[in-house]
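By convention in this document, chain letters (A, B, ...) are assigned in the order of the sequence lines, proteins followed by strands, and residues within each chain are numbered from 1. FYI, side chains are in, hydrogens and waters are out, and symmetry mates aren't considered; it's all heavy atoms of this structure.
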Amino acid sequence: MDEKQHLYLVDGSAYIFRAYHRLPPLTNPAGTPVGAVYGYTTMLWKLAEDLHKADGPTHLAVILDKAGTSFRNDLYDQYKANRPPPPEDLVPQFPLIRDATRAFSLACIEEDALEADDLIASYARAATLRGWDVTIVSSDKDLMQLVGKCGTGGGCVDMLDTMKNLRIDVPEVVEKFGVPPEKVGDVLALMGDSVDNVPGIRGIGPKTATKLIQEHGDLESALAAAPSMKPGKLRESLIEQADMARLSRVLVQLKEDCALPIPIEDFALGQIPREPLAAFLEEHGFTSLLRRLDDGKGSPGPKTQLNPAKPENQAAAPASPQGGNRQPLPSWPAPDLSAYACVQSMSELQQWIARAFAARVVAVDTETSALDAMRADLVGVSLALGPNDACYIPLGHGGSDMFAEKPVQVDRAEALAALKPLLESDAVLKVGQNIKYDLNILARHGIMVAPIDDTMVMSFCLDAGRGEVGVAGHGMDELSERHLLHATMKFKDLCGTGKKAISFAEVPLADATRYAAEDADVTWRLHRLFQPRLVEEGGMRVYQKVDRPLVPVVAMMERNGIKVDRERLAGLSSEFATQIARLEGVIHEAAGMAFTIGSPKQLGEVLFDKLGYKGGKKGKTGQYSTDQSVLEGLAAQGAEVATLVLEWRQLSKLKSTYTDALQAAINPDTGRVHTSYSLVGAQTGRLSSNEPNLQNIPIRTEIGRQIRDAFVAEPGNVLLAADYSQIELRLAAHMADVPALKEAFAAGEDIHARTAMEMFGTVDRDTRGRAKTINFAILYGISRWGLGGRLGVSADEAQAMIDRYFERFPGIQRYIHETLESVRECGYSETLFGRKTWFPRIGSKNQAERQGSERAAINAPIQGTSADIIKRAMARMMPALAEAGLGHVKMLLQVHDELVFELPEGDVAAARPVIERVMATAAEPAVKLTVPLGVEIGTGLSWGAAH
DNA sequence: GAGGTCACG
DNA sequence: GACGTACGTGACCTCT
């Protein structure tokens, strides 16, 4: 008949304490801490996966402690008396443990006046008597007394420690206690238990207790033998505290005859139903588990941070121009620069590290000798654990002046070795302001910092667009002044500027401590402010789902860098130089005088005053405009000089910005060019690239394209470029719900040709080009004058085209109207993933300003959604490649709708479909698009050849 | 430091 | 009646 029954008894209460201390302080979309719940959920998941395995559970119940006292308190009023209250952020998780258990449709047992251990012992006994095997899921040492117990029916007990993935049977117990399980109670009675406040015998620890029981067999024999022992402390303790030991023996004895509230048959496991489990996983943002549930595959996935899954439909917060300060400041003391510690010994450092482990959240900042994360040397590290509770650890001060005395510092390698476990611990959240920089600095020292939060990125998810025009608005100095009403020390005041500037390594320790520790302190405080705001204001979703996972990915791309062919660039530079010199001569001759061609002012005067060409002045500065369109106009009039100047400008631009600058940007250590991406640079959520900017390498002209050929792969490798095709138009078709455009994309049509057909009834080079212009005009927020100017038609004609467009593509006009209405009402626009961009000037009385904001507001959801999608693709890319055995493929660059990789030529065939799939499905499962995302992939020995 | 110009998506 | 006319960036140059 029946196969062997196997009952799993899960010690839930003990588990969540361990999970709490082992996992980072995660929160669910509602802001409730759920780190321990997550750990608990994954543990149940693992057990459920064993369901059909040979030794897996046929029956399972979770046993929980119920708050209150037990019979042991009647025996000993001090029992568990000195147990500290559970941590504040664990308390709200207790009820969620029951929810989680119910979500798995599992039984959950708790009884007043009974401890979980006693219920477990009683159930274990009942089951073994019936001949069932029992596995106790716990690592509690008290429960080890039960291991190996076999009932008359033939069932036996073992234990399973899911965290260490360890089976505990009799040999393991013997290894731990030196005695078999039935003697464990005697050992425990002697050694006591400080956590439960079981007294034991003072002065006797595990070693002595084990030895005594090994020698004498059991507690009573050991106590009886005491008078004949050799005189000493041990003998006296045993005699004097014999009663305490006997009391302890009773306290540690498990009660095996409790009434069983639910019969064991009721614990039978079936297939775990999808609901209510899916709803629970979704509610708490356990999306990786949710995905596995839907995949129906059980392999443990990557540990993911939590993501909200709910759309944000809360009422919009009133728009405030600066953002932030609506809530009162917490009652923190103002930053006190004299309160910070300078850590100059390993023992002090060890104390800070221990306290950081206990605090579980630590703000971290690194100080370096320069701003380039790929070249700078580490000079020091600062940590903050709370307001004014911060320190600076100098590691590389002094040294440039060989006569000056070097300040006392801990050895850098030793300090980093001590910091590494903290910085890499899953259980401690590391908070930084622009932590990507610190990630890169520390990665160069072999430390892979995780998990992280970034206050700069958090600020961006809250307040993008809110700062003054042209100001990034997410720098620490600004955030401190805006949110903490505190002016930070300025780097300039410490190190100076320009030629007189000194390295941070030369700053005296006292000043360096004040500056560096203040940064960490401020970062810690900002984190405390932003965390609840992200939840309340609905920014958590995009932060956790899109931006935070991207930080380490972008850091890695920056470290990867890309190889450029220096000789090729140098060749182009000298070619360009020759041409420029030749053109200069010709231009000066044509002008009849020598002048600075690169000066728009001088050029304007030469063209319009001296040579007498017709052209308008421009506004405020009273200066002639000489930009490309003006010069092209002159050239069309037959002005030879204009043509020459255009050519000169192109070559000067290419030489100074690219062929010269890129050679200088090659890192001497790596031989590659490492850009730096800003995650908060563009209001819409796009990345930006700087020093050097690798997002504007020429491609549109043949002469500029040669520069792309200088971006190359290492020998044996190729570059692979993967582009989203027309992603913004596709998103516009989806978001505005335009049937004709959606059909065209679904059918894989040439979208500009389709537009031309709809607009003009015919497709040729001319109408397709005009249609393309109109399509872009739509994305950018259209005006009749703007479109007319671009197409070279009157505003009235342009308006007629716009009307026709709206007619042929219904949905667009509605989208524009609804977007603007919503922005006027809420103050911000939103992407499909919930990224907000604020438009404080949408209601401006200045028409130009207001209309500018309106155009930007029409564009932001589209451009921003596109940015969200490629960011999601980037975050998923390396895990997906690694799963396909392609973990060595390097992701190098992102250019808004393009990703560039470097990989061995032989791996192209394998990598191509993975990259294609990750990019094409990047919106899922959060957003279901009604248009396909097209991805085009090319490879070659150079970036130019990969297109 | 501002303004003009132009490289990219 | 004038405004100034496409969205988003960053780098380089000149001139104050």
Name the closest nucleotide to the A/Leu787 side chain, picking from B/dG9, C/dA6, B/dA7. C/dA6
May I ask you to evaluate whether A/Arg790 reaches the phosphate of C/dA6, defined as a side-chain N or O under 4.0 Å from OP1 or OP2? yes
Heavy atoms under 4.0 Å, any strand shown: does A/Ile697 hit a base, just sugar-phosphate, or nothing? sugar-phosphate
Phosphate oxygens OP1/OP2 of C/dT5: is one of them under 4.0 Å from a side-chain N or O of A/Arg784? no
Base, backbone or nothing for each nucleotide of nucleotides 10-16 of chain C, written B, S, -, heavy atoms under 4.0 angstrom, 5' to 3'? BBSSSS-
A/Asp750 side chain vs A/His752 backbone, donor-acceptor pair below 3.5 Å: yes
Going by the rule side chain to side chain donor-acceptor pair (under 3.5 Å), which residues pair with A/Gln433 if we only count those two or more places apart in sequence or in a different chain? A/Thr455
Does any donor atom in the side chain of A/Glu898 or A/Trp943 lie under 3.5 Å from an acceptor atom in the other side chain? yes
Would you classify A/Gln628 as touching base, sugar-phosphate or nothing, given that sugar-phosphate means primed atoms plus P, OP1 and OP2, and contacts are heavy atoms under 4.0 Å? sugar-phosphate
Do the charged groups of A/Glu902 and A/Lys563 touch, with an N to O distance under 4.0 Å? no
Among all residues two or more places apart in sequence or in another chain, which pass the side chain to side chain donor-acceptor pair (under 3.5 Å) test with A/Tyr780? none
Base, sugar-phosphate, or nothing: which does A/Ile699 touch, judged by heavy atoms less than 4.0 Å apart? sugar-phosphate
Ring pair (Phe, Tyr, Trp, His ring centres under 6.0 Å) partners for A/Tyr805, two or more places apart: A/Phe809
Look at all strands and tell whether A/Ser676 reaches a base, only sugar-phosphate, or nothing, counting heavy atoms closer than 4.0 Å. nothing
For A/Phe745, what residues pass the ring pair (Phe, Tyr, Trp, His ring centres under 6.0 Å) criterion, not counting sequence neighbours? none
Under the rule for ring pair (Phe, Tyr, Trp, His ring centres under 6.0 Å), what residues qualify as partners of A/His588, not counting sequence neighbours? A/Phe595
Heavy-atom side-chain contact between A/Gln695 and A/Leu687 under 4.5 Å: yes
B/dC6 to C/dT5 separation - P atoms, rounded to the nearest Å: 15 Å
Do A/Arg559 and A/Asn440 have side-chain atoms, one donor and one acceptor, less than 3.5 Å apart? yes
Going by side chain to side chain donor-acceptor pair (under 3.5 Å), name the residues that satisfy it together with A/Arg790, two or more places apart in sequence or in a different chain. none
Could you measure between the two P atoms, the one in B/dT5 and the one in C/dA6, and give it in whole Å? 15 Å
May I have the distance from A/Leu631 (atom CG) to B/dC6 (atom C1'), rounded to whole angstrom? 12 Å
Please give me every residue in residues 852-863 of chain A whose heavy atoms get under 4.0 Å of an atom in DNA chain C, ordered by residue number. A/Arg855, A/Ala856, A/Asn859, A/Gln863
For A/Ser844, give me all partners under side chain to side chain donor-acceptor pair (under 3.5 Å), at least two apart in sequence or on another chain. A/Glu849
Can you tell me how far P of B/dC8 sits from CD1 of A/Ile727, to the nearest Å? 21 Å
Calculate the interatomic distance between A/Ile597 atom CD1 and B/dT5 atom C1'; express it in whole Å. 15 Å
Between atom CG in A/Leu694 and atom C1' in B/dG9, what is the gap in whole Å? 14 Å
Mind checking ring pair (Phe, Tyr, Trp, His ring centres under 6.0 Å) for A/Tyr658 and listing every partner two or more places apart, or none if nothing turns up? none
A/Asn775 CG to C/dC7 P, straight-line distance once rounded to whole Å: 17 Å
Does A/Arg700 put a side-chain nitrogen or oxygen below 4.0 Å from OP1 or OP2 of B/dA7? no
Rounded to whole Å, CD1 of A/Ile707 lies from C1' of B/dA7 at a distance of 9 Å
Nearest-Å distance for atom pair CG/P, residues A/Asp897 and C/dG8: 17 Å
Which atom of A/Ile858 lies closest to which atom of A/Thr819, heavy atoms considered: CA-CG2, 4.4 Å
Donor-acceptor check, side chain of A/Arg872 to backbone of A/Ala922, threshold 3.5 angstrom: yes or no? yes
Using a 3.5 Å limit for the pairing distances, which stems of at least 3 consecutive Watson-Crick or G-U wobble pairs does DNA chain C take part in? B:1-9 with C:7-15
Take A/Phe839 and A/Trp785, find for each the nucleotide of DNA chain C with the closest heavy atom, and name the residue whose nucleotide sits nearer the 5' end. A/Trp785
Integer-rounded Å distance: B/dA7 P and A/Phe576 CZ: 12 Å
Which residues in residues 794-817 of chain A have at least one heavy atom lying under 4.0 Å from any atom of DNA chain C? none
